[in-house]
Enquirer: 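Got a structure here, written out as structure tokens. Questions coming.
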Amino acid sequence: MECENGKHLPDCQGELAWNSGSYVCNACNKTFIKQGFCKVCDAQLERLQACGSTSYFCHTCNELKSRSGARIVFAEQKAVS
């Protein structure tokens, strides 16, 4: 399941809350990670954070991307067995 650019999940309409490095939906008890993808080539972006500002780098396009140049997705974190 993926939740694009929002605070609520499409299936359960639960709100995501930040908890120790990931996002948790208390309504469905699932954990999610925030990922950015390039709007041009759809490659996963590297997140760069400095001085309170967040930007992204696309290794495929070899360009720095702003938040508006990124498609943000909340993907369910799979449990490791």
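Note that this is a predicted model, so its numbers are computed, not measured.
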Enquirer: Can you tell me how far apart OH (Tyr23) and NZ (Lys34) are? Round to the nearest 0.5 Å.
Expert: 4.5 Å
Enquirer: Any heavy-atom pair between the side chains of Ser22 and Phe32 that's under 4.5 Å?
Expert: no
Enquirer: With heavy-atom distances below 4.5 Å as the criterion, would you say the side chains of Ile33 and Glu76 are in contact?
Expert: no
Enquirer: Quick check: closest heavy atoms across Cys38 and Cys41, and the distance to 0.1 Å?
Expert: SG-N, 3.5 Å
Enquirer: Take atom CG in Asn29; do more than 12 heavy atoms of anything else shown fall under 6.0 Å from it?
Expert: no
Enquirer: Is the closest side-chain heavy-atom distance between Phe37 and Ile72 below 4.5 Å?
Expert: no
Enquirer: For the residue pair Cys58 and Lys65, what are the closest heavy atoms and their distance?
Expert: CB-CE, 4.1 Å
Enquirer: Are the side chains of Ser55 and Ser66 in contact, using a 4.5 Å heavy-atom criterion?
Expert: no
Enquirer: Quick one: does Glu63's side chain get under 4.5 Å of Val40's, heavy atoms only?
Expert: no
Enquirer: Nearest 0.5 Å, please: how far is NZ in Lys39 from OH in Tyr56?
Expert: 11.5 Å
Enquirer: From Asn19 CG over to Cys25 SG, what is the distance, rounded to the nearest 0.5 angstrom?
Expert: 12.5 Å
Enquirer: Are Val24 and Trp18 linked, directly or through other ILVMFWY residues, by side chains that come within less than 4.5 angstrom of each other?
Expert: no
Enquirer: Got a second to check how far Gln77's CD is from Lys30's NZ, nearest 0.5 Å?
Expert: 13.5 Å
Enquirer: Cut-off 3.5 Å, no hydrogens considered: what does the side-chain donor-acceptor table look like for residues 45-54, sequence neighbours left out?
Expert:
| residue | atom | partner | partner atom | Å |
| --- | --- | --- | --- | --- |
| Glu46 | OE1 | His59 | NE2 | 2.7 |
| Arg47 | NH2 | Gln49 | OE1 | 2.8 |

